[in-house]
Structure formats: C-alpha cells, structure tokens
Amino acid sequence: MELPKIYSAKDYEDQIYELWEASGFFNPDNLPKSKKAFSIAMPPPNATGTLHIGHAMMLVLQDLMIRYHRMKGEQTLWLPGTDHASIATQNKVEKILEKEGQTRHSLGREAFLERINAYVEESRGIIRGQIRKLGSSCDWSRERYTLDEGLSRAVSEMFVRMHQDKLLYRDYRIVNWCPRCTSTLADDEVKHREEAGKLYFIKYPIRGTNASITVATTRPETMLGDAAVAVHPDDIRYKEFVGQVAVLPLENREIPVIADSHVEKDFGSGALKVTPAHDLNDFNLGKKYHLKTLKIFDDSGKVDLSELQKAGVDISPIASYQGMDRFAAREVIVKDLEKTGALEKIEELTHSVGICYRCDTVIEPYISLQWFVSVDTKIKRHNASLKELMLETVESGKTEIIPKRFEKTYFNWITNLRDWCVSRQIWFGHQLPVYYCEKGSGGCGETIVSVTPPAACSKCSNTALRRDQDTLDTWFSSGLWTFSTLGWPKTATEKGGKIKKTGDLLRFHPTSVLETGYDIIFFWVARMILMSRYALGEAPFKQVYLHGLVLDLNRKKMSKSHEETLIDPLDVIPKYGTDALRLSMLVGVTPGNDLLLNEEKIASYRNFVNKLWNVSRFILALPDEETSKKKTKTLADAWILSRLNRTIAEVAVLLESSRFSHAAEELRAFTWDDLADWYLEIAKIEGGKKWILLEILEKLVTLWHPFAPFVTEVLYQQIHPLSEIKGEKKHSPKLLMVHEWPTAENKGVVKTAERDFHTIRSLVQAIRNARAENAIAASQKIQAVFFSRDKAQLLTQNSHLLQSLCRLDFITVMESGERPTNALFLKVEDIEVYLPLGMLKIEEERARLGAEIERIRIFMKIITTRLDDIQFTQKAPAHIVQKERAKLAEHEEHIRKLEKQQKILR
RNA sequence: GGGCAGUUAGCUCAGCUGGUUAGAGCAUGCGGUUUACAUCCGCAGGGUCAGAGGUUCGAAUCCUCUACUGCCCACCA
C-alpha cells in the first residue's frame with residue numbers, strides 16, 4: 001500500500017470515474033431519502049463537436065455545487081444533455097459537404113437531415129466522454145437531447161399553446177436576414193461590429209427643375225428599391241421640394257419627396273433615401289406614407305429585379321445588375337453614378353454593421369413573412385404579458401441573479417425587447433407544427449396549428465395541406481430545457497387554472513441553480529424564464545450563477561482562432577490532471593468576472609494536488625498506534641483541531657453564499673500553511689499523532705472533494721481501511737462522493753489554544769528571521785534565553801517545539817532576572833528573547849536597535865496625534881479608542897526594552 | 001448615443017456592513033536534502049490602493065467629478 005512520491009492523476013482518474021458511475025449515486029433515486037432536493041439542468045453543449053475550455057468552466061462549477069449538496073445528503077440531480085443548435089450544426093455539416101463538393105440542396109432535405117443526424121450522433125458520443133473526463137457527476141440515465149421525441153413533442157405543444165393564446169402570429173416584417181445561412185435571425189442573434197465605411201452622397205434631380213436633392217447613404221445599392229426621399233419638415237434647405245417628385249438616378253423612376261421629423265438635419269446631407277423593403281426605419285416610413293415596398297435582393301443577397309417588375313417598374317435601365325451580389329452591385333452602381341455625374345462625393349465614416357453571430361456575414365435587413373412571438377400581448381391566464389412575466393420573475397426575487405449587477409442588464413434588455421422572430425429557413429431543427437390549406441390548391445386559406453399532423457382542413461375538409469417548411473429558432477426549444485427534460489407536458493396537468501406537477505417535475509422544478517456564462521443571459525436565461533413562467537407559472541430556477549469568459553494571456557476570449565494561447569481541456573488533463581484544471585478554474589475566480597488562464601496557473605494547482613497527496617502519504621505511513629494509548633492533547637493538537645473546526649465553519653458559510661473561490665482559499669491556507677507547514681512538522685517532534693491526523697485527513701479530503709474529486713477519492717480509498725483499524729464501528733459508505741459533509745463541532749473553536757499557538761509561532765518566526773539576517777548557518781545550533789512573566793509556563797511547556805523548529809540547543813525560560821549583556825535582542829508580544837551569539841558585533845547591533853526604535857516611534861507618533869485629537873476620543877467608539885491606547889502602551893514598553901538593551905550591550 | 005464593470009506589489013487577483021503598520025498566489029533575491037513532497041522548506045524585498053474634490057474623529061472601502069481600459073445594448077441613413 002505504499003503510495004508513490006508523486007501523484008500521477010492519469011493513473012487513477014478514469015478508473016475512479018467508472019467506480020462513481022457504477023455506484024449509481026449520480027442518480028438521485030439511489031441516494032438516501034431526503035426531503036430537500038437540489039437540481040441543476042446542465043446547459044446543453046451544442047451538438048457540433050467537442051468541448052472547449054468554456055464548457056470545462058461550467059462543468060467544474062456545477063459539479064462543485066452538485067457534489068457539495070449531494071454530500072450534504074440532499075436529493076441531488078444534475079441533468080445532462082445536448083442541444084441540436086440548429087444553425088450552428090447545419091453550418092458545420094454544410095462546411096463538411098462543401099469539401100465533398102456537395103450542398104444541402106444537391107442532397108435534398110431528407111438525405112441532408114440524415115447526414116446531420118449521423119454527425120450529431122457521433123459528436124454527442126464524443127461530448128459524453130469529455131464531460132466524464134472532467135469528473136462531472138451528472139445523471140446519465142436522464143440524459144436528454146433537444147431533438148429527441150419527448151422534447152420535440154414539448155416544443156410542438158408549446159407552439160400550439162402559444163398560438164391558442166394569440167402569442168404567436170405570422171406577419172410581413174423587416175427581419176434580420178443572413179444571406180449566407182439563408183435564414184432569419186432574432187434581434188439578439190445579430191452582433192454589431194464597428195467598421196470603416198463610406199457615406200455616398202447622391203444627387204436626385206427634382207422633376208421639372210434644374211435643382212436636385214442630395215441624399216446620403218452607406219448602402220447605395222439599395223437605391224434600386226427606393227420609394228421616396230425624406231427630409232426634415234423644418235429644414236429650410238429642402239422645404240420647397242417637399243411634395244415634389246424626385247427622379248431616381250440610373251432607373252429614372254419617379255418618387256415623392258416627403259417630410260418627416262424622423263430625419264436628422266445634421267447627419268449627412270440632411271436628406272434620406274427611403275427603401276422600405278430593406279431598412280426598418282424606412283419600412284416604418286413606408287407604412288406611414290403608403291410607399292411601395294420594393295424588394296431587390298433574393299435570399300442569398302443577390303440583386304433580383306423580379307419584384308420590381310411585378311410592381312410595374314420598367315427595369316430595362318438597370319437590368320444589367322440582375323443576379324449581382326449586393327457588394328459587387330454596390331461597386332458597379334457607384335461607378336455608374338459617377339459616370340452620369342449623380343455622385344456628388346464620398347465621405348469616410350466608421351459605423352456599426354450588423355453581422356450574423358454564427359457566420360459573421362453582414363446582415364441584410366429584408367422584408368419577409370415570418371412567425372413572431374408577441375411579448376406585449378396580455379395573457380389572460382397570467383393577466384400579464386410575457387415581458388411583464390419576465391420582469392416580475394427577477395424583480396420579485398423568484399429568481400436571483402449572481403452577481404446582482406446583471407439584474408440591471410437583464411431589466412434593460414427585457415424593457416427594450418421587441419417581438420421575437422422564431423421561424424428559421426433552416427432544415428435542421430423542429431419543423432413548425434403549422435399546416436396551410438392553400439387557396440391555390442383548392443383550399444380555403446386556413447392556417448392550422450396542431451401537435452399532430454391534421455388529416456384534413458378543419459374548415460373545408462381539404463386534405464391537400466402543406467406543412468410549413470420552416471424550423472424553429474433553436475432557443476425556442478432550449479427555453480423549455482428546465483422542464484421539458486423533466487417530462488413536461490406529461491408531468492403537468494391543469495385543473496381549474498391550477499397546474500399540478502407530478503414525477504420529476506414535482507421533485508426538481510423549479511431547479512435550484514442555473515449556472516452559465518454571462519454572454520448567454522439574453523439568448524437563453526431570459527427565454528427560459530419566459531417559457532417557464534408561461535407554461536408552469538413558476539420560475540425555471542431560484543438562482544442564476546453567472547461565470548465569466550475564459551481569457552488567454554492577451555485578454556482575448558480563448559478560442560481556436562488564437563492557437564498559440566489556446567488551452568484545450570483535453571490536452572491539459574493528461575498532463576496536469578483534472579483536479580489541477582478544476583482548481584485553476586475555481587480558485588481566484590469571482591462570479592461574473594472573466595478568468596485569465598494559462599498553463600502556469602494549472603501547473604501551480606498540480607503542485608497543490610501533489611501537496612495534498614504527500615500530506616496524506618505522510619499521515620498514512622505513520623506507524624500505527626493503539627487507541628488506548630491516546631496521549632493528552634498538546635497545545636499544537638488543540639490548535640490544529642480548533643483551526644480545522646474554524647475552517648469547516650467558514651467553508652460552510654462561503655459555499656452557501658456561492659463564494660466558491662474563497663472557500664477554496666480557506667481550505668488551501670489550512671491545508672498548506674497550518675497543517676503541512678506547522679502541524680506535520682510538530683507531529684514529527686511530538687510523535688504519536690496518527691490517530692488525530694487520520695481524523696483531520698478524513699475531514700480534509702471530504703472538504704476538498706467538491707473541488708478536486710479525483711485525488712480526494714483516491715486518498716479516501718486509502719484512509720478507509722485504516723479508519724476501521726482504530727476500532728470504531730461507524731457506518732461509513734465506501735465512496736467519498738456520498739460521504740457525509742463535515743460540520744463544525746460546537747466547542748470546536750478554542751480561542752486560547754489559537755492565541756497561545758500564535759505566540760509560539762511568532763517566536764519561531766522571529767528567531768528564524770534573526771538567524772537568516774545574521775547569516776547563521778542552518779546547521780548551527782544556538783542558544784536562547786526567554787523572559788516573560790505571564791507566558792513562562794507556556795514557553796516551558798512548548799520548549800521542545802522552540803528548540804526543534806528554531807534549531808536551538810539550549811533554552812532558558814525566566815520570569816525575571818539579569819538580562820544577558822552580549823546578546824541579540826528580540827521582543828515578541830511581551831516576551832523578551834535573547835540570543836547570545838558569540839560573534840555579535842556590538843556597534844552594528846546597537847545601530848539595529850536604534851533603527852528599530854525609530855521605526856516604532858513613527859507608529860507611535862501616528863497614534864499619539866490620533867489620541868490627542870479630542871474629536872477622535874469623543875466620537876470614535878470606546879473600544880477603538882481603547883485599542884489605540886493599548887497599542888501605544890505596547891509601543892512604549894517595546895522602546896523601553898530596546899533602549900535598555902542598547903545600554904547593557906557590551 | 002445609452003448602460004455596466006474595472007483601475008490595489010513585476011504579473012494574476014482578494015479585501016464582507018469604513019477602524020492596527022493594506023493581504024494571497026505566482027514571479028524575484030538570499031539560504032536550505034530537517035526519514036511526506038525540490039511539483040519542496042525557511043527568510044526577505046516590493047504598494048502615495050488611477051487622479052482630484054467631498055462626507056467622516058477615521059476612507060482602498062461611501063459620494064461627486066476626471067482620466068484610462070474592457071464589455072454590453074442601440075432602427076442616425
């Protein structure tokens with residue numbers, strides 16, 4: 001049972017995980033019964049491939065919470081799964097197809113979906129393995145996938161219910177169109193990027209005059225679809241043109257000049273070209289002034305004049321642009337305008353451009369018929385709109401966001417929220433449960449929304465129904481995640497307006513915590529609150545714990561595009577161990593703040609894990625001793641037990657308040673500073689401590705387990721058989737992961753022991769310091785004389801420690817008497833220490849004492865001025881004043897001793 | 001344009017409701033094989049807490065302003 005000198009994580013981890021998984025304790029059904037439940041719905045990783053460092057971050061934090069609560073004896077569920085991630089996954093597979101010279105269209109919808117499913121199946125397998133690698137103790141028996149049968153059913157059900165409640169509607173609106181994905185995007189799926197662009201000034205002649213209005217635009221190509229020129233009503237430059245007709249250059253089409261206060265006089269030329277089909281503002285103007293909405297691009301962003309033609313426009317002057325990409329068209333059109341003299345000038349400007357969050361393509365605003373979720377419609381059942389429900393959930397504290405400042409961000413976003421476009425022109429995902437009875441094919445024009453495909457139209461009995469080809473926004477299904485995974489809608493029945501939950505939904509919903517990155521608060525957190533409040537009337541989670549981004553050395557988000565600084569969890573795990581990686585992501589991290597990660601940091605926690613390993617190794621290798629020969633406790637024993645109890649109590653407080661990093665720091669300080677550096681050294685001196693050390697060790701590995709599960713479980717397996725030798729027949733489970741969480745003993749913290757030990761410790765440190773400063777070789781033993789009236793007994797009782805830890809060969813403890821005349825002088829608390837060094841240089845020592853006196857005088861001065869201030873003595877609380885007085889007295893005493901020592905030196 | 005954070009030792013960060021001479025880890029320097037660990041041990045150096053003003057007996061901590069950095073949101077073409 002000899003343990004190796006160095007802990008080699010990779011030799012144990014896989015085996016330990018198997019042990020855990022086989023135990024069945026990941027599943028709450030196998031845990032001891034308890035009234036208290038704790039649950040987390042794991043944010044499902046995208047089914048697009050592999051886990052990155054961001055996933056590691058969430059897994060590590062969640063596993064910490066889960067393990068802690070499980071050890072506290074709660075019914076603990078961590079439900080894992082994967083998200084089909086419609087656009088992201090479809091894009092990924094399309095890229096693979098591209099390499100094979102194929103497109104989704106060349107394959108056809110069905111073959112394409114088969115291809116994606118095969119890909120997803122493979123990547124889900126990889127992801128499962130990777131989640132295990134991090135030690136995640138999630139319940140695999142409850143694993144879900146957003147596109148599996150139950151969840152798909154939940155999605156359709158939700159869609160139908162929302163439609164019944166008139167929260168879903170279909171309309172022509174300006175949407176964010178990604179010409180590369182050939183799909184719409186929700187508002188929050190559009191990123192904005194500052195770009196250097198150009199502002200083109202184009203002259204639009206006024207019919208029947210020699211005058212013209214100059215409009216300014218960044219997108220001159222959209223002029224093909226212009227429907228008006230707009231100016232501000234108060235703009236004296238253009239007042240005379242309002243109501244007249246302008247002639248569109250190149251096309252020679254006539255459009256009205258209108259006045260609207262929306263136009264800003266000071267921007268550009270003060271005149272605006274209005275393109276209702278390709279800009280939201282222009283669309284609104286178009287509605288207001290009944291302008292034509294002329295769409296000029298097809299779904300891949302190429303010029304398409306067919307709609308103009310349908311609208312009766314003579315397209316012959318502009319026919320050459322047909323089929324051009326929008327950016328190519330821009331260049332050609334600018335050139336043509338230049339040729340005809342319509343281009344007045346070009347100005348440089350930086351402006352923000354909307355881009356697709358999945359593929360970085362510039363978004364084309366575009367009129368389109370889509371499905372929307374209304375966020376402002378009052379829902380009868382709730383007597384509130386979705387927006388109001390979302391606000392109320394956080395305002396009322398039904399859901400608490402950690403850190404709190406993100407609540408403001410949340411409120412701000414919700415307040416400005418507009419209707420949510422949920423239909424996507426993507427093949428992969430949940431197809432809309434919508435069926436059209438089309439007039440063109442003999443139907444009545446009815447739209448049927450139904451969970452199961454209807455056989456015939458409910459109105460006209462037409463059987464030739466067409467299902468909507470669109471799929472749903474991926475966030476629609478992930479919005480249901482906390483409850484669709486718990487069996488909804490089957491596990492919730494509604495009676496008389498009240499919802500009755502059963503099964504897992506009753507046990508685990510609302511979930512306890514949602515742990516995720518702050519970058520996903522709008523996409524996901526808000527949508528989950530929306531869905532859960534709507535469907536169940538309750539919050540999806542009681543707490544949201546937000547972590548930050550993982551950044552590299554250059555403070556950039558760690559990603560594949562920065563290969564040099566990338567840390568792949570799967571690369572570092574074999575090298576440093578999962579526990580080291582986990583600790584490096586847990587310690588020194590505050591909620592909501594980004595984390596700077598590099599290999600050095602991981603290496604330092606690898607060192608710590610090894611320290612813990614060696615502490616255990618030392619303890620386990622101590623010779624066995626009989627219980628009956630338990631010695632009476634020494635000061636050091638009382639101190640370390642007191643520190644242990646204090647640590648247990650503090651860690652509990654910190655974990656309960658989600659200050660995980662602080663908890664780990666406390667534990668680290670106890671483990672390394674107190675236990676390893678002091679107590680173990682003392683154990684070597686005092687001996688006979690196996691019994692007490694084993695008790696400490698068992699609690700220690702228990703406390704560390706949620707942070708570093710692997711090494712602690714390995715160590716626990718080593719302690720366990722030994723703990724039985726001591727003859728106590730305590731029922732103890734075989735796995736640390738379900739070991740009872742330690743609680744602080746009532747009388748565990750002994751202040752006198754801590755204070756006395758602190759005195760000894762300070763003495764040792766002062767003497768060590770003196771030795772180092774006077775270059776006394778470590779091997780050289782010296783003498784020491786201690787004078788103390790109050791602590792003489794303490795010093796005598798612990799002289800063995802002083803002797804050994806300071807390398808002293810002879811100790812004298814006196815209450816009073818003649819002070820040595822040729823000795824180095826130190827003062828610790830009220831203890832005088834004299835180190836008679838044969839070769840003491842008297843003048844140098846006298847100078848050192850003088851410098852010391854000066855140093856203390858400075859502090860005294862500060863205190864005296866403070867105490868001389870009547871304001872202070874009158875207004876400050878008595879105990880503070882008292883403290884200052886005591887301090888002053890101590891300084892005075894110290895100086896007296898130093899001066900005395902100066903005199904007697906010879 | 002609006003909002004939110006941050007600015008503390010060379011680096012990364014703690015510092016809860018204001019109260020000793022502001023802390024930790026890493027890095028640095030010096031000294032160490034003391035039968036757990038050199039992935040280690042001992043000791044040390046290093047900070048006008050971004051700047052200015054205010055509140056207070058007392059401010060890294062509370063308030064105001066300024067500067068710089070980062071992030072989020074936004075339909076100025």
Side-chain angles (χ1 to χ4, degrees), chain A residues 3 5-7 174 187-188 192 199 215-219 222 230 262-264 266-269 271-275 279-284 351-352 354 365 403 405-406 408-409 412-413 416 418 518-519 521-522 549 555 576 580 587-590 592-598 600-601 603-622 657 659 661-662 665 668-669 673 676-677 680-681 684 764-765 768-773 775-779 804-805 807 855-856 858-859 862-863 866 869-877 879-881 883-884 886-887:
Chain A
L3 295 178
K5 280 172 92 155
I6 286 176
Y7 172 63
I174 293 282
D187 291 341
D188 49 292
H192 293 271
L199 190 59
V215 301
T217 179
T218 51
R219 292 158 55 205
T222 61
H262 158 77
V263 182
E264 257 191 61
D266 300 333
F267 187 87
S269 63
L272 176 69
K273 62 189 264 318
V274 182
T275 322
D279 183 280
L280 183 60
N281 286 316
D282 293 6
F283 179 75
N284 291 336
H351 61 151
S352 141
R405 71 184 131 94
F406 282 100
K408 275 184 208 156
T409 319
N412 185 48
W413 186 77
N416 297 314
R418 293 181 296 165
Y518 66 72
D519 52 333
I521 180 164
F522 305 133
L549 267 30
R555 289 186 179 274
Y576 299 101
V587 190
V589 183
T590 23
N593 284 3
D594 296 340
L595 160 72
L596 242 79
L597 191 67
N598 51 60
E600 230 174 77
K601 192 171 175 187
S604 78
Y605 288 107
R606 184 265 327 260
N607 295 354
F608 173 74
V609 169
N610 194 55
K611 186 76 186 180
L612 188 61
W613 177 259
N614 271 290
V615 165
S616 315
R617 199 160 82 94
F618 173 77
I619 296 172
L620 292 166
L622 286 172
S657 53
R659 283 145 65 180
S661 173
H662 278 87
E665 301 263 23
R668 199 209 62 83
D673 303 345
D677 288 349
L680 290 191
E681 292 310 312
K684 290 175 192 170
V764 171
Q765 281 168 332
R768 279 176 178 171
N769 177 350
R771 289 184 64 122
E773 275 186 356
I776 297 164
S779 51
S804 183
L805 295 173
R807 313 210 113 230
R855 205 173 59 91
I856 297 169
I858 292 167
F859 301 138
I862 296 167
I863 301 171
R866 198 172 295 164
D869 187 352
I870 304 169
Q871 299 276 26
F872 173 71
T873 46
Q874 280 180 351
K875 292 188 181 169
H879 73 276
I880 298 285
V881 178
K883 225 171 170 180
E884 293 294 313
K887 229 165 36 185

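The sequence lines fix the lettering, A, B, ..., with proteins before strands; numbering per chain opens at 1. None of the values given here were measured: they were computed from a predicted structure. Just so you know, these numbers use all the heavy atoms, side chains as well, and skip hydrogens, waters and symmetry mates.
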- Query: If you take all heavy atoms of A:Asp282 and A:Lys273, which pair is closest and at what distance?
  - Reply: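 Residues A:Asp282 and A:Lys273, closest heavy atoms: OD2-O, 3.3 Å.
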- Nearest atoms (heavy-atom pairs only) where A:Arg771 meets A:Ala777: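 Smallest heavy-atom distance, with atoms named: NH2-O, 2.9 Å.
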Mind checking [X] for me? I need base, sugar-phosphate or nothing, with any heavy atom below 4.0 Å counting as a touch.
X	answer
A:Ala777	nothing
A:Glu681	base
A:Lys684	base
A:Asn610	base
A:His662	sugar-phosphate
A:Thr590	sugar-phosphate
A:Asp869	sugar-phosphate
A:Glu773	nothing
A:Ile619	nothing
A:Lys5	sugar-phosphate
A:Arg771	nothing
A:Pro365	nothing
A:Arg768	sugar-phosphate
A:Asp677	sugar-phosphate

When the [atom1] atoms of [M] and [N] are compared, how many Å lie between them, rounded to an integer?
N	M	atom1	answer
B:C30	B:U35	C1'	27 Å
B:A52	B:G15	C1'	24 Å
B:A27	B:G10	C1'	7 Å
B:U39	B:G45	P	27 Å
B:A5	B:C13	C1'	16 Å
B:G23	B:U61	C1'	15 Å
B:C62	B:U8	P	16 Å
B:G58	B:C11	P	33 Å

Verify, without hydrogens or angle tests, whether [X] (side chain) and [Y] (backbone) share a donor-acceptor contact under 3.5 angstrom.
X	Y	result
A:Asn614	A:Ile6	no
A:Asn416	A:Asn412	yes
A:Asn610	A:Arg606	no

- Nearest-nucleotide 5' precedence on RNA chain B, A:Arg606 against A:Asn284: A:Arg606
- Which comes earlier along RNA chain B counting from the 5' end, the contact point of A:Ile6 or that of A:Ile856, where each point is its nearest nucleotide? A:Ile856
- Query: According to the Watson-Crick and G-U wobble definition with distances under 3.5 Å, which dot-bracket string, read 5' to 3', encodes RNA chain B, using [ ] for crossing pairs and | for pairs with another strand?
  - Reply: (((((((..((((.....[...)))).(((((.......))))).....(((((..]....))))))))))))....
- Message: Measuring only between side-chain heavy atoms, which start at C-beta, is A:Leu199 closer than 4.5 Å to A:Phe267?
- Response: yes
- Query: With under 30° as parallel and over 60° as perpendicular, where do the rings of A:Phe406 and A:Tyr518 fit, or are they tilted in between?
  - Reply: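 Ring orientation, 0 to 90° scale: parallel.
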- Query: For A:Phe283, what residues pass the ring pair (Phe, Tyr, Trp, His ring centres under 6.0 Å) criterion, not counting sequence neighbours?
  - Reply: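 So A:Phe283 forms no ring pair (Phe, Tyr, Trp, His ring centres under 6.0 Å) with any residue.
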- Task: Just jot down the salt bridge (Lys or Arg N to Asp or Glu O under 4.0 Å) partners of A:Asp594, sequence neighbours excluded, or say none.
- Result: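 Not a single residue meets the salt bridge (Lys or Arg N to Asp or Glu O under 4.0 Å) criterion with A:Asp594.
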- Query: Can you name the residues that form a salt bridge (Lys or Arg N to Asp or Glu O under 4.0 Å) with A:Glu884, not counting sequence neighbours?
  - Reply: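 With sequence neighbours excluded, A:Glu884 shows a salt bridge (Lys or Arg N to Asp or Glu O under 4.0 Å) to A:Arg866, A:Lys887, given in chain and number order.
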- Item | Opening and closing nucleotides of RNA chain B in contact with chain A, under 4.0 Å to non-hydrogen atoms |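 Range of nucleotides within reach of chain A: B:C4 to B:A77.
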- Can you sort out the partners of A:Lys883 under side-chain hydrogen bond (donor to acceptor under 3.5 Å, both in side chains), two or more places apart, ordered by chain and number?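 A:Lys883 satisfies side-chain hydrogen bond (donor to acceptor under 3.5 Å, both in side chains) with no other residue.
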